[in-house]
Amino acid sequence: MRLRNKPWADDFLREEDQIVVQAPFAQKGSWKHLFSHPEQPLHLEIGSGKGQFIAGMGVQHPEVNFIGIEFVKSVIVGAVKKVKDAETENVRMVNENAKDLTDLFEINEVDHIYLNFSDPWPKSKHEKRRLTFHTFLSQYEAVLKEEGRVTLKTDNKGLFEYSLVSFSEYGMILEDVSVDLHADEDPLNVPTEYEEKFSAKGQPIYRCTARFTT
Ligand code: SAH
């Protein structure tokens, strides 16, 4: 989908410097100091879209610090607005490409990574672009702490099956696999924009959490 360019987005992202991290690569190794409670765990969402998940998680978990990465400017502005409206102090947004994750985060800096409704890239020639391809997993392994987790939520059966295999082949341990998250009624689930859209169409939502072995 081609999104309309929003020329005011640059100005907006610069002005909202309480929420939008202006020089994210300079934060490598010191992300926690951006937050009023640096001792709290650091959770990262890759591909935050319009931000309903990260804003909702920020409110639900004041004991956690959150960073949302989204590389499309015209989309991240929506997330920044939601975080602002939520009046939560524990969420920061980053307008960068997550392919450079190990340039953004130090080894062992992150406690949890969320991949929500990531682009499925169904053609096998695009496998490398999937956020659960092994080159991404090795970056997640590097930046995550030993007890760190990766959680994937998707409506896309193909991406879900692919990711379960990719996690397993990488030697990760699977936890909490659900093939119909909404039927399982997790009271703590914070739905994303895509999740609400696909769920309203009657599609099941898949979720799994995996960790690296040490
Ligand atoms: N998580 C949101 C949006 C899902 S769409 C939701 O569930 O509603 C996937 C999002 O990931 C898009 O907004 C896309 O721009 C973003 N994205 C994809 N690859 C990315 C990357 N490498 N770095 C940062 N953002 C990325």
Side-chain angles (χ1 to χ4, degrees), residues 1-6 9-10 12-13 19-21 24-25 27-28 31 43-60 66-83 85-86 91-105 110 112-123 126-140 142-143 150-160 162-163 166 178 181-182 186 188-201 203-209:
M1 178 174 54
R2 181 118 174 86
L3 290 157
R4 213 155 35 95
N5 189 31
K6 293 181 178 163
D10 278 318
F12 176 81
L13 294 176
I19 295 168
V20 183
V21 182
F25 292 97
Q27 294 300 328
K28 183 175 177 177
W31 285 93
H43 290 199
L44 184 68
E45 185 190 21
I46 299 178
S48 296
K50 293 182 182 164
Q52 182 167 290
F53 177 82
I54 198 111
M57 288 291 277
V59 172
Q60 189 183 91
F66 291 94
I67 296 168
I69 302 183
E70 169 56 58
F71 67 177
V72 177
K73 264 196 182 65
S74 56
V75 171
I76 198 176
V77 290
V80 175
K81 285 180 188 162
K82 283 207 184 82
V83 170
D85 290 347
V91 181
R92 299 288 181 278
M93 297 302 304
V94 172
N95 184 211
E96 287 295 342
N97 192 327
K99 75 174 169 50
D100 303 318
L101 207 62
T102 47
D103 294 330
L104 281 167
F105 295 94
V110 178
H112 205 128
I113 293 175
Y114 300 98
L115 307 172
N116 289 322
F117 298 81
S118 308
D119 301 312
W121 295 110
K123 291 184 184 157
H126 291 145
E127 181 189 359
K128 288 194 197 91
R129 300 186 188 177
R130 297 177 196 151
L131 291 182
T132 50
F133 185 61
H134 67 84
T135 52
F136 282 101
L137 299 185
S138 63
Q139 292 207 69
Y140 305 158
V143 303
V150 178
T151 298
L152 168 75
K153 264 202 293 192
T154 183
D155 64 300
N156 190 287
K157 191 164 177 266
L159 180 69
F160 193 66
Y162 170 83
S163 303
S166 186
S178 171
L181 180 61
H182 292 192
D186 175 355
L188 292 178
N189 181 49
V190 175
T192 80
E193 283 88 352
Y194 274 49
E195 182 171 348
E196 286 187 341
K197 198 172 87 181
F198 292 123
S199 178
K201 288 184 186 167
Q203 289 178 226
I205 303 301
Y206 307 101
R207 186 178 71 185
C208 74
T209 294

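Computed from a predicted structure; not experimentally measured. Every number for a ligand or one of its atoms is a count from 1 in the order of the listing.
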Legend entry - Partner residues of Thr209 under the side-chain hydrogen bond (donor to acceptor under 3.5 Å, both in side chains) criterion, sequence neighbours left out: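 Thr151.
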Inset, instruction - Taking salt bridge (charged side-chain N to carboxylate O under 4.0 Å, His left out) as the test, write out the residues that go with Lys28, two or more places apart. - result: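 With neighbours one apart ignored, the set is empty.
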Legend entry - Phe66 side, atom CZ; His112 side, atom NE2 - distance, nearest 0.5 Å: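 If I round to the nearest 0.5 Å, the distance is 9.5 Å.
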Inset, instruction - Give me the ring orientation class for Phe117 and Phe198: parallel if the planes are under 30° apart, tilted from 30 to 60°, perpendicular past 60°. - result: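 Judged by the thresholds at 30° and 60°, the geometry between Phe117 and Phe198 is parallel.
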Inset, instruction - Return the protein residues near ligand 1 (heavy atom under 4.0 Å from any of its atoms), ordered by chain and residue number. - result: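 Residues Glu45, Gly47, Ser48, Gly49, Glu70, Phe71, Val72, Glu96, Asn97, Ala98, Asn116, Phe117, Asp119, Thr192, Glu193, Tyr194 each place a heavy atom under 4.0 Å from ligand 1, listed by chain and number.
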Legend entry - Aromatic Phe71 / basic Lys99 pairing, under 6.0 angstrom, 45° off normal: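 No, a cation-pi geometry is absent between Lys99 and Phe71.
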Inset, instruction - Please name all residues satisfying side-chain contact (heavy atoms from CB on, under 4.5 Å) with Asp186, sequence neighbours left out, ordered by chain then number. - result: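 For Asp186 the side-chain contact (heavy atoms from CB on, under 4.5 Å) partners, ignoring immediate neighbours, are Leu181, Leu188, Asn189, Arg207.
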